[in-house]
Amino acid sequence: MPDPPKPSAARPEARNPRGFADRRARDLAAERAILAAVSAVYERYGFELLETPAFEFTDALGKFLPDADRPNEGVFALQDDDEQWLALRYDLTAPLARFAAQNWETLAKPFRRYAFGLVWRNEKPGPGRYREFVQCDADTVGSARPEADAEIIAMAAEGLAATGIPEGAAVLKINSRKLLNGLMASAGVAEEGQKLAVLRAVDKLDRLGEDGVRLLLGEGRLDESGAFTKGAGLDGAAAERVLAFTRAGAGRDETLNRLSNVIGGSTAGDEGLAELAGIEAALTSLGVGPDRAVFDPSVVRGLEYYTGAVFEAELLLETKDERGQAVRFGSVGGGGRYDDLVARFTGERTPATGFSFGVSRLAAALRAAGRDRGAEVRGPVVVVAFDQGRMADYFAVASELRAAGIPAEVYLGQSGMKAQMKYADRRFSPAAVIIGEDEFAAGTATVKDLDLGRALSAGVADNAAWRAERPGQVTVPRAELAAAIRKILDPRR
RNA sequence: GCCGCCUUAGCUCAGUUGGUUAGAGCGCCAGAUUGUGGCUCUGGAGGUCCCCCGUUCGAUCCGGGGAGGCGGUACCA
């Protein structure tokens with residue numbers, strides 16, 4: 001029983017926590033289509049499905065230790081009744097590293113696994129950014145070969161195409177953390193804090209442009225709201241060296257040549273160049289051309305666990321929000337090589353590489369671009385509850401339709417027939433079944449094709465005419481009901 | 001976290017230079033149409049004007065504080 005009405009001050013407000021969105025049937029249908037398409041690609045490449053729990057021990061996830069001042073920073077954490085800290089996973093890679101370390105002896109290696117599921121991040125949400133969202137990952141653990149990276153990139157490219165993104169509307173950008181380290185060496189940046197500041201500045205190139213990044217590499221930048229961001233403190237020559245590095249993107253071969261000129265000679269830089277050359281060769285043999293995957297020295301990605309190649313999937317589709325404003329979705333996925341993550345558990349360096357699709361964001365982007373499949377979700381055939389004393393008969397009709405494989409329901413509200421028709425219309429039902437006194441007496445059923453009515457209603461101005469017309473309505477012998485409805489659902493039969 | 005803007009009906013927003021019954025459009029419910037979705041017309045329901053404190057005879061409006069939302073920026077393992 002519902003509680004009696006309370007004074008409004010005591011009533012809870014019906015609302016979502018910030019960054020947590022309800023997802024209705026049409027949203028989920030779009031997400032499911034993406035997951036199915038991407039999963040099929042992963043399985044074709046020989047990756048096996050793995051599901052791990054939503055919660056992990058906080059220390060297994062990374063740097064957030066139970067005794068840190070703010071255990072909830074970045075993740076949603078709580079203390080179990082045995083006082084151990086647990087946290088909701090913030091991605092699918094850290095749980096994979098835990099799983100691989102835990103089961104290493106029993107796995108066929110290299111271990112190739114894909115996974116999808118919700119992840120949670122306790123941070124400020126923004127447009128297209130939620131605190132709960134779906135990711136879909138594929139990772140290879142136990143191979144240091146650049147071919148492993150190339151294969152991950154090839155799958156990401158195929159996955160993008162499989163979700164319905166048109167040719168040329170998305171591109172994978174590839175870089176290497178080793179190149180970035182080589183760049184630091186050649187620009188004379190040794191101090192860790194300054195390195196991070198330089199990387200962060202480079203990461204913003206697509207958003208702030210070269211001038212903004214130049215400010216961030218130097219003294220700092222004042223944004224339009226009046227907030228000041230402290231810069232990396234490089235001198236002019238060093239800043240220009242960094243910018244020259246970011247400008248080296250061109251064709252894949254040409255990029256490697258140019259990069260070699262900027263940072264060749266440093267150990268890390270040469271290693272990175274060799275790896276990218278290996279990836280380039282493998283990509284070409286996998287049939288992934290420069291139209292789908294390019295080297296882009298400005299790609300940085302996450303700052304902590306990547307050790308080599310890093311990847312980012314960027315959407316180039318023009319998208320608009322409800323108000324017609326252009327929206328940049330930018331990155332819809334990313335990944336890279338993380339050779340040290342499993343070693344956190346085992347002490348043994350275990351090479352690994354992977355890629356993660358941001359499924360929720362990809363779905364939102366496809367919707368905004370008008371590319372999502374099947375926006376409307378079809379409702380069931382509605383059996384009109386015409387005579388409240390005949391509910392048993394209506395349920396028998398619904399059961400009969402269900403047995404025939406046709407989604408059906410009896411209207412269970414209190415409203416009259418007009419409202420019931422409106423209900424069926426709103427559910428986007430294909431048909432309504434009307435059985436009243438006349439039909440019961442005659443042993444018939446009236447079936448109304450609602451799609452046909454939807455189409456015809458546009459041409460009828462007058463209500464009396466609209467009603468008299470009874471568009472798409474037929475009365476058939478009761479025994480032929482299912483067949484009549486099937487004819488509406490699939491006119492080709 | 002920092003900076004800025006904002007908060008009035010389910011939604012989008014008017015409005016009250018502090019005064020008694022706070023409005024519109026859309027949406028919702030119903031009637032016109034004893035058994036039929038759209039259109040049209042008519043009627044109805046729906047609001048502690050974000051919260052608290054202060055000033056005032058009187059605050060949705062003024063002052064202070066708080067919360068929430070939006071945007072930018074930072075962070076994003």
Side-chain angles (χ1 to χ4, degrees), chain A residues 7-11 13-19 58 60-65 70 73-75 87 89-91 93-94 97 119 121-127 129 131 196-197 200-201 203-204 207-208 212 216 220-230 300-306 322-323 325 331 334 336 338 340-341 344 379 382 384-387 413-429 431-440 446-473 475:
Chain A
S8 56
R11 277 190 229 140
E13 190 181 344
R15 56 180 187 150
N16 291 80
R18 171 158 54 155
T58 302
L61 287 183
K63 66 189 178 189
F64 291 94
L65 301 171
R70 299 200 286 179
E73 183 74 6
V75 300
R89 64 187 181 205
Y90 57 81
D91 70 8
T93 307
V119 301
R121 294 189 186 181
N122 190 6
E123 52 193 32
K124 183 184 156 184
R129 269 181 63 169
R131 296 207 288 175
L196 288 180
R200 286 175 191 147
D203 196 31
K204 291 175 182 58
R207 201 149 40 83
L208 301 180
L216 282 176
R221 175 175 173 272
L222 194 67
D223 71 47
E224 55 211 71
S225 75
F228 183 74
T229 308
K230 196 168 178 300
V300 173
R301 298 296 303 165
L303 302 173
E304 221 58 43
Y305 63 47
Y306 291 121
E322 307 83 40
R323 297 179 180 178
Q325 296 280 309
S331 165
Y338 49 98
D340 295 330
L341 207 50
R344 291 188 56 247
V382 171
V384 173
F386 187 90
D387 177 349
Q414 303 293 330
S415 300
M417 177 156 185
K418 185 182 168 82
Q420 297 191 39
M421 294 305 298
K422 204 168 170 177
Y423 171 82
D425 190 39
R426 278 197 180 178
R427 290 293 304 275
F428 201 40
S429 295
V433 175
I434 303 164
I435 308 178
E437 288 165 40
D438 300 347
E439 286 86 354
F440 277 121
T446 296
V447 178
K448 183 158 181 139
D449 183 338
L450 296 175
D451 283 343
L452 189 59
R454 283 182 190 104
L456 293 177
S457 78
V460 182
D462 162 64
N463 182 263
W466 161 249
R467 289 197 170 198
E469 201 128 320
R470 301 273 152 100
Q473 192 164 317
T475 298

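Labels below follow one simple rule: chain letters A, B, ... track the order of the sequence lines, proteins then strands, and each chain is numbered from 1.
When the C1' atom is used for both rG27(B) and rU20(B), the distance is 31 Å, rounded to whole Å. As rounded to the nearest Å, rA45(B) and rC29(B) have P atoms that lie 16 Å from one another. Taking atom C1' on both nucleotides, rC51(B) is separated from rC6(B) by 16 Å, rounded to a whole Å. Comparing the C1' positions of rC70(B) and rC28(B) gives an interatomic distance of 27 Å, to the nearest angstrom. Using C1' as the reference atom, rG23(B) and rC61(B) are 16 Å apart when rounded to the nearest Å. Here, rG46(B) and rU36(B) have their P atoms 29 Å apart, quoted to the whole Å. Of the C1' atoms belonging to rC76(B) and rG66(B), the separation is 28 Å, rounded to the nearest Å. On the P atoms, rG10(B) is 7 Å away from rG47(B), given to the nearest whole Å.
Nucleotide rG38(B) holds its P atom 14 Å from the CD atom of Gln420(A), rounded to whole Å. The nearest whole Å value for the distance from the CZ atom in Arg89(A) to the C1' atom in rA77(B) is 16 Å. In this structure, NZ of Lys230(A) is placed 16 Å from C1' of rC75(B), rounded to the nearest angstrom. The separation between Arg18(A) atom CZ and rG1(B) atom C1' is 12 Å, rounded to whole Å. Separating the CZ atom of Phe428(A) from the C1' atom of rG37(B) is a distance of 13 Å, rounded to the nearest angstrom. The nearest whole Å value for the distance from the CZ atom in Arg301(A) to the P atom in rA77(B) is 8 Å. One interatomic measurement links the two molecules: CG of Leu450(A) to C1' of rG38(B), which rounds to 12 Å at whole-angstrom precision. Atom OH of Tyr90(A) and atom P of rC75(B) are 18 Å apart (whole Å).
With rounding to the nearest 0.5 Å, the separation of CD in Gln414(A) from CD in Gln420(A) is 10.0 Å. Note that the CZ atom of Arg89(A) and the CG atom of Leu61(A) stand 10.5 Å from one another [nearest 0.5 Å]. With rounding to the nearest 0.5 angstrom, the NZ atom of Lys448(A) is 10.0 Å from the CG atom of Asp425(A). Once rounded to the nearest 0.5 Å, the distance linking CZ of Phe428(A) with CZ of Arg454(A) reads 5.5 Å.
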Check nucleotides 34-36 of chain B against the protein and report each pair of N or O atoms closer than 3.5 Å, with its distance, or say if there are none.
from: rG35(B); atom 1: O6; to: Asp438(A); atom 2: N; distance (Å): 3.0
from: rG35(B); atom 1: O6; to: Asp438(A); atom 2: OD1; distance (Å): 3.0
from: rG35(B); atom 1: O6; to: Asp438(A); atom 2: OD2; distance (Å): 2.4
from: rG35(B); atom 1: N1; to: Glu439(A); atom 2: OE1; distance (Å): 2.9
from: rG35(B); atom 1: N1; to: Glu439(A); atom 2: OE2; distance (Å): 3.4
from: rG35(B); atom 1: N2; to: Glu439(A); atom 2: OE2; distance (Å): 3.0
from: rU36(B); atom 1: OP2; to: Arg467(A); atom 2: NH1; distance (Å): 3.2
from: rU36(B); atom 1: O5'; to: Arg467(A); atom 2: NH1; distance (Å): 3.4
from: rU36(B); atom 1: O2; to: Lys448(A); atom 2: NZ; distance (Å): 2.8
from: rU36(B); atom 1: O2; to: Gln473(A); atom 2: OE1; distance (Å): 3.4
from: rU36(B); atom 1: N3; to: Gln473(A); atom 2: OE1; distance (Å): 2.8
from: rU36(B); atom 1: N3; to: Gln473(A); atom 2: NE2; distance (Å): 3.0
from: rU36(B); atom 1: O4; to: Arg470(A); atom 2: NH1; distance (Å): 3.1
from: rU36(B); atom 1: O4; to: Gln473(A); atom 2: NE2; distance (Å): 2.3

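For rC75(B), the OP1/OP2 oxygens have a side-chain nitrogen or oxygen of Arg200(A) closer than 4.0 Å. Note on Lys204(A): a side-chain N or O is less than 4.0 Å away from OP1 or OP2 of rC75(B). For Ser429(A) and rG37(B), the shortest distance from a side-chain N or O to OP1 or OP2 is not below 4.0 Å.
Not a single side chain to side chain contact (heavy atoms under 4.5 Å, CB included) links Asp438(A) to another residue, sequence neighbours left out. Remark: Arg18(A) engages no residue in a salt bridge (Lys or Arg N to Asp or Glu O under 4.0 Å) (not counting sequence neighbours). Asp203(A) pairs by the salt bridge (Lys or Arg N to Asp or Glu O under 4.0 Å) definition with nothing, not counting sequence neighbours. Applying the side chain to side chain contact (heavy atoms under 4.5 Å, CB included) test to Asp91(A) and every residue at least two apart in sequence or in another chain returns Thr93(A), Ala94(A), Pro95(A), Arg121(A), Gln135(A), Tyr305(A).
Residue Asp203(A) is out of contact with every strand shown, counting any heavy-atom pair closer than 4.0 Å. Among the atoms of the strands shown, base atoms are found under 4.0 Å from some heavy atom of Arg454(A). The residue Thr93(A) sits apart from the nucleic acid: no heavy atom pair falls under 4.0 Å.
Minimum heavy-atom separation, Ala431(A) to Val447(A): CB-CG1, 4.5 Å. In terms of heavy-atom proximity, Ser429(A) sits nearest to Val382(A) at OG-CG2, 3.6 Å.
Donor-acceptor pairing under 3.5 Å, judged by distance alone, is absent between the side chain of Lys422(A) and the base of rG38(B).
Comparing Gly19(A) and Asp451(A), the nucleotide of RNA chain B nearest to each residue sits closer to the 5' end for Asp451(A). Nearer to the 5' terminus of RNA chain B, by closest-nucleotide assignment, is the contact made by Gly472(A) (compared with the other of Gly472(A) and Leu216(A)).
Closest approach to the Glu123(A) side chain among rA30(B), rC29(B), rC76(B) is made by rC76(B) (side chain taken as heavy atoms from C-beta onward).
Consecutive Watson-Crick or G-U pairing (both distances under 3.5 Å) extending over three or more pairs maps onto RNA chain B as B:1-7 with B:67-73, B:10-13 with B:23-26, B:28-32 with B:40-44, B:50-54 with B:62-66.
Remark: side-chain polar atoms of Gln473(A) are not paired, donor with acceptor, to backbone N or O of Thr446(A) under 3.5 angstrom.
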